[in-house]
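See structure below.
Start at 1 and go down the list; that is how both ligands and their atoms are numbered.
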Amino acid sequence: MKKSHLTIAVLGCFLLFSGTFWIFYFRPAQGTPLSHLLTNNNDKGLTWQDQDVSQSGGVIMNHMGNATAKAELGRSTWKLFHTMMSRYPEQPSDDERVALAQFIHLLSRLYPCGECAEHFQTLLQKFPPQTSSRIAASQWACAIHNKVNERLGKPIFDCSDIEAKYPCGCELE
Ligand SMILES: Cc1cc2nc3c(=O)[nH]c(=O)nc-3n(C[C@H](O)[C@H](O)[C@H](O)COP(=O)(O)OP(=O)(O)OC[C@H]3O[C@@H](n4cnc5c(N)ncnc54)[C@H](O)[C@@H]3O)c2cc1C
């Protein structure tokens, strides 16, 4: 390699590294550091690691006094819940299975009716979510809804009708 080419290469490397260094270390003094934005969530200063969802943790909301609001919330949530299961992959990846399990556990913490959430958490401990396939997940969801029905004195749903009741809406896909 010619000496002039070597000089250009060394200069190029220097500019590249010094530019990167400037972006990640000097820029913070003028505002939000880029490195901080990439690795942290600014919401209440939590890092992504802090927000790693775990399978533990208690119920967050209080008792819901308004019975009408509680029933409406329940109907809407069950609709979402069963429709989600009807579109869940037939053969989910590990990542998809973890996503569903985490969603259900977080729902049990954040469900807006606190006493419902308490009971739901107890049910989940006894009957952990089944995530291995669409059928497993939708049948599990039907069974867990029936457990809630049982407790509230409501009719038990026939889970063999679950696909007809919550169609996947996938005809045109
Ligand atoms: C996680 C969770 C926990 C709850 N805990 C409580 C609680 O502790 N106390 C309380 O008062 N309320 C609770 N609720 C609300 C309660 O389950 C009902 O949603 C609410 O009382 C309204 O009842 P509903 O008779 O309209 O029918 P819902 O139970 O809301 O059901 C809506 C429709 O779903 C269908 N369905 C019924 N059973 C099943 C099933 N097993 N699988 C699939 N579809 C079915 C029926 O067509 C029914 O009309 C909870 C709701 C949720 C989502």
*Considering only protein heavy atoms, which is closest to atom 43 (C) of ligand 1, and at what distance to one decimal place?*
His82 NE2, 3.2 Å
*Is it the side chain, the backbone, both or neither of Lys154 that has a heavy atom closer than 4.0 Å to ligand 1?*
side chain
*asked:* For Glu118, state whether at least one heavy atom is located under 4.0 Å from any atom of ligand 1.
replied: no
_Suppose we measure from atom 49 (O) of ligand 1 to each protein heavy atom; which comes out shortest, and what is that distance?_
Lys165 NZ, 4.9 Å
*Which of the listed options, Ala143, Ala141, Gly74, Ala71, holds the heavy atom that is closest to atom 15 (C) of ligand 1?*
Gly74
*Are any side-chain N or O atoms of Thr83 and backbone N or O atoms of Leu80, one a donor and one an acceptor, separated by less than 3.5 Å?*
no
*asked:* For atom 33 (C) of ligand 1, what is the closest protein heavy atom, and at what distance to 0.1 Å?
replied: Tyr166 OH, 4.3 Å
*Using non-hydrogen atoms of the residue, decide whether Phe81 is closer than 4.0 angstrom to ligand 1.*
no
_Any side-chain heavy-atom pair of Val148 and Ile144 under 4.5 Å_ = no
*Within-4.5 Å side-chain heavy-atom neighbours: Ser86 and Ser138*: no
_Does only the side chain of Asn149 get under 4.0 Å from ligand 1, or the backbone, or both, or neither? Count heavy atoms._
side chain
*What is the closest protein heavy atom to atom 9 (N) of ligand 1, and at what distance does it sit?*
Leu152 CD2, 3.5 Å
*Look up atom CZ in Phe103 and atom CZ in Phe81, then write down how far apart they are to the nearest 0.5 Å.*
7.0 Å
*Heavy atoms, side chains only, cut-off 4.5 Å: are Gln91 and Ser133 in contact?*
no
*What protein heavy atom is closest to atom 3 (C) of ligand 1, reported as residue, atom name and distance in Å?*
Cys116 CB, 3.9 Å
_Using a 4.0 Å heavy-atom cut-off, which part of Asn146 comes near ligand 1: side chain, backbone, both, or neither?_
both
*Check: Trp140 side chain, Ile135 main-chain N or O, donor-acceptor pair, under 3.5 Å*: no
*What residue and atom, counting heavy atoms only, is the protein's closest point to atom 29 (O) of ligand 1, and at what distance?*
His145 NE2, 2.8 Å
*Report the nearest protein non-hydrogen atom to atom 26 (O) of ligand 1: residue, atom name, distance rounded to 0.1 Å.*
Arg75 NH1, 2.7 Å
_With a 3.5 Å distance limit and no angle check, can you tell me whether Arg109 reaches the backbone of Ile60 through a side-chain donor-acceptor pair?_
no
_Lys126 side chain reached by Lys147 side chain, heavy atoms, under 4.5 Å_ = no
*Would you mind telling me if ligand 1 is within reach of the side chain of Leu107, the backbone, both or neither, using heavy atoms under 4.0 Å?*
neither
*Looking at Val148, which atoms of ligand 1 are within less than 4.0 Å of one of its heavy atoms?*
4 (C), 5 (N), 17 (O)
*Numbering the atoms of ligand 1 from 1, which are under 4.0 Å from a heavy atom of Thr77?*
53 (C)
*asked:* Checking side-chain polar atoms at under 3.5 Å, does Ser93 have a donor or acceptor matched by the opposite partner on Asp95?
replied: no
*Can an N or O of Trp78 be found at a distance shorter than 3.5 Å from an N or O of ligand 1?*
yes
*Where's the contact between Ile156 and ligand 1, heavy-atom distance under 4.0 Å: side chain, backbone, both or neither?*
neither
*Can you find an N/O atom of Tyr111 closer than 3.5 Å to an N/O atom of ligand 1?*
no
_Is it the case that ligand 1 has an N or O less than 3.5 angstrom from some N or O of Cys142?_
yes
_Under 3.5 Å: donor-acceptor pair, side chain of Arg87, backbone of Cys168_ = yes
*Who's the nearest protein heavy-atom neighbour of atom 8 (O) of ligand 1, and how far?*
Arg151 NH1, 2.6 Å
*Do Glu115 side-chain atoms and Met64 backbone N/O form a donor-acceptor pair below 3.5 Å?*
yes
*In chain order, what residues pass the side chain to side chain contact (heavy atoms under 4.5 Å, CB included) check against Pro128, with sequence neighbours excluded?*
none
*Atoms in ligand 1 flagged as close to Ile162, the criterion being non-hydrogen separation under 4.0 Å*: 42 (N), 43 (C)
*With no hydrogens and no angle check, is any side-chain donor or acceptor of Asn146 less than 3.5 Å from a backbone partner on Asn149?*
no
